[in-house]
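Some notes on the structure that comes next.
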Amino acid sequence: MIERFAGRLRDWHLRHGRHDLPWQRQGPYPTWISEIMLQQTQVRVVIPYYHAFMERFPDVEQLANASEDEVLKHWAGLGYYARARNLHHGARQVRDLFGGEIPNSLDELMTLKGIGRSTAGAILSLGFRQRGVIQDGNVRRVFSRIFGIAGDLTTSVKQRKLWDIADELTPADGEEAAVHTQAMMDLGALVCTRQRPKCHSCPFRSDCYAYTSDHVADLPQPKRIRQRKTEDWVVLEVRNSANQILLGRRPTQGIWGGLYTPPIDTSLRDLEATLSLPDLLDSEEVHIKEHAFSHFKVRLHHLRHRFDGLAPPEFEWIDLRGFQGGLPAPIAELLSKE
DNA sequence: CAACCGTGGGA
DNA sequence: TTCCCAAGGTT
């Protein structure tokens, strides 16, 4: 089974795999961009962002020379904004430390911000067509079912085991490894899905532990999700007579790091203390919007206020049209309302 | 090691 | 409505 695995996977992929994704066979830079965008993010969500991003930042040099604000503007709505900040930082590392050429070794790739072992393996394999090994959610799910790996897959023992299997199954030849890498992800994404897997069309069903022992629904073990707390945030939309709006850049650390939002705090009273705008307590609540982050929830209380004068510290008057910075998705939606 | 870090969509 | 997940990495 181990001996025949790669060959059988390749044959399946030739007929049933994905061969027309926009970043495929485009070289290391497009592979890098797509791999970062695809972290924890579905293909159909990524595609429009990928096209716009590549249009504006067609190569490493243009990405490195751009401002972080503009990079985040193109990332706005995708989420996990550290990915964009790290990617931008990584492009500058390539420019300044690698002479503008993306390195083609595992160790060097992993020195770039935001590139871990799996993403480095993917760039080596898919981007450079050199031998590289990945270990993503698709691979973990496929292996846990085929080889019957139960329990928590994030422990170091299980991680070691999964990496060992992945390494053993990956062909030595670079081009074959590239096809293998794409095929592993396609099998996980198209057949060996989390819910309602299509075992009837799986090339490994006769050897699959989960399928042959009727444990497909139990593997891999779902990770326990802790209850998410809910906070209340007051989002203060302040406009002046020129229809500009008060926005401030959020600190790099924390939620929405590097993006721009209106003044936000847990109460209007706290906002009044920091902003000291006249008649702030008279501002009206437009509506309340619930928003879920990965580890907590918020009720966004949308308030409107009119003010003409100097922007308070940490904020600036901004015309949203042509603004070169990123707005978080729920904030952009909130500000677009009448 | 566990918490942190977004968003949209499907069930 | 609510829960869960989708090509992870950093701290």
Side-chain angles (χ1 to χ4, degrees), chain A residues 17-18 21-24 30-50 72 75-87 89-90 109-123 125-127 132-142 152-159 162 166 181-190 192-197 217 220-230 250-259 261 289-298 300 326-333:
Chain A
R18 294 173 290 190
L21 296 172
W23 44 80
Q24 288 180 322
T31 303
W32 184 12
I33 303 303
S34 66
E35 283 301 320
I36 302 301
M37 285 189 169
L38 286 162
Q39 288 171 2
Q40 307 289 284
T41 310
Q42 294 174 358
V43 167
R44 66 169 177 279
V45 176
V46 163
I47 286 178
Y49 281 88
Y50 172 81
L72 283 169
W75 209 273
L78 253 191
Y80 285 145
Y81 299 101
R83 295 183 296 173
R85 299 193 307 268
N86 290 339
L87 178 59
H89 182 86
L109 281 168
M110 288 180 67
T111 66
L112 302 179
K113 257 293 183 31
I115 298 184
R117 184 174 171 187
S118 185
T119 300
I123 295 173
S125 176
L126 302 173
V133 182
I134 63 163
Q135 179 61 236
D136 68 347
N138 289 309
V139 174
R140 279 193 295 280
R141 192 168 55 251
V142 169
D152 183 358
L153 299 184
T154 67
T155 66
S156 53
V157 172
K158 294 287 173 52
Q159 278 294 300
L162 288 164
T181 295
Q182 186 63 51
M184 281 301 305
M185 296 192 291
D186 288 355
L187 186 67
L190 303 176
C192 197
T193 49
R194 189 69 186 88
Q195 275 124 10
R196 299 159 64 94
Q221 170 187 293
K223 45 188 165 189
R224 61 181 181 83
I225 308 288
R226 61 182 65 243
Q227 184 82 13
R228 290 189 290 194
K229 301 295 182 190
T230 301
R250 299 181 62 85
T252 303
Q253 295 160 349
I255 204 81
W256 295 337
L259 275 66
T261 69
K289 173 187 175 57
E290 303 242 4
H291 182 73
F293 293 109
S294 49
H295 54 299
F296 67 103
K297 295 186 285 189
V298 289
L300 300 173
L327 297 174
I331 298 300
E333 202 224 318

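In this text the structure is predicted, and so the values were computed from the model without any measurement. Chain naming here is simple, since letters A, B, ... match the order of the sequence lines and numbering starts at 1 in each.
Remark on DNA chain B: of its neighbouring residues R196(A) and Y49(A), the 5'-side contact belongs to Y49(A), judged by nearest-heavy-atom nucleotide. Positionally, the nearest nucleotide of DNA chain C for Q24(A) lies more toward the 5' end than for the other of Q24(A) and G114(A). Residue-to-nucleotide proximity on DNA chain B shows that, of Q195(A) and Y81(A), the 5′-proximal contact is made by Y81(A).
Phosphate contact (OP1/OP2 of dA3(B), side-chain N/O of H295(A), threshold under 4.0 Å): absent. Phosphate proximity of dG10(B) to R194(A): absent, as no side-chain N or O sits under 4.0 Å from OP1 or OP2. Contact between the side-chain N/O atoms of W32(A) and the OP1/OP2 oxygens of dA7(C) is not found at any separation under 4.0 Å. Between H291(A) and dG6(B) there is no side-chain polar atom (N or O) within less than 4.0 angstrom of OP1 or OP2. Considering only side-chain N and O atoms, R85(A) lies nowhere under 4.0 angstrom from the phosphate OP1 or OP2 of dC5(B). Checking the phosphate oxygens (OP1, OP2) of dA2(B), no side-chain nitrogen or oxygen of T154(A) falls inside 4.0 Å. Between dG8(C) and Q40(A), a contact under 4.0 Å exists linking OP1 or OP2 to a side-chain N or O.
Computed from coordinates, the L38(A) CG to dA7(C) C1' distance equals 5 Å when rounded to whole Å. We find that CG of D136(A) is positioned 10 Å from P of dA6(C), with the value rounded to whole Å. To the nearest angstrom, C1' of dG6(B) lies 13 Å from NZ of K289(A).
Nearest nucleotide to the A329(A) side chain, out of dT7(B), dC5(B), dG10(B): dT7(B).
The residue A122(A) sits apart from the nucleic acid: no heavy atom pair falls under 4.0 Å. Backbone-only engagement by I115(A) is indicated by non-hydrogen atom pairs under 4.0 Å involving sugar-phosphate atoms exclusively. Contacts of W75(A) with the nucleic acid, taken as non-hydrogen atoms under 4.0 Å apart, are absent. At the heavy-atom level, L126(A) lies nowhere under 4.0 Å from the strands shown.
You'll find the side chain of L153(A) stays beyond 4.5 Å of the side chain of Q221(A), heavy atoms only. The side-chain heavy atoms of M184(A) and Q135(A), taken from C-beta on, include no pair separated by under 4.5 Å. The side-chain heavy atoms of I33(A) and L87(A), taken from C-beta on, include a pair separated by under 4.5 Å.
Nucleotides dC1(B) and dA6(C) have their P atoms positioned 22 Å apart, rounded to a whole Å. Across dA7(C) and dA11(B), the matching P atoms stand 15 Å from one another, rounded to whole Å.
Aromatic ring orientation, F296(A) versus F293(A): tilted (interplanar angle from 30° to 60°).
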**Request:** Decide side-chain contact (heavy atoms from CB on, under 4.5 Å) for L187(A) and N138(A); before the verdict, give the C-alpha distance in whole Å, the side-chain angles of both, and the deciding distance to 0.1 Å.
**Result:** CA-CA 8 Å; L187(A) 186 67; N138(A) 289 309; over 6 Å; no

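Applying the 3.5 Å distance criterion, the base of dA7(C) shares a donor-acceptor pair with the side chain of R18(A). On a pure distance criterion of 3.5 Å, no polar donor-acceptor pair joins the side chain of T119(A) and the base of dG9(C).
Judged purely by atom type and a 3.5 angstrom limit, R18(A) has no side-chain atom pairing as donor or acceptor with the backbone of A189(A).
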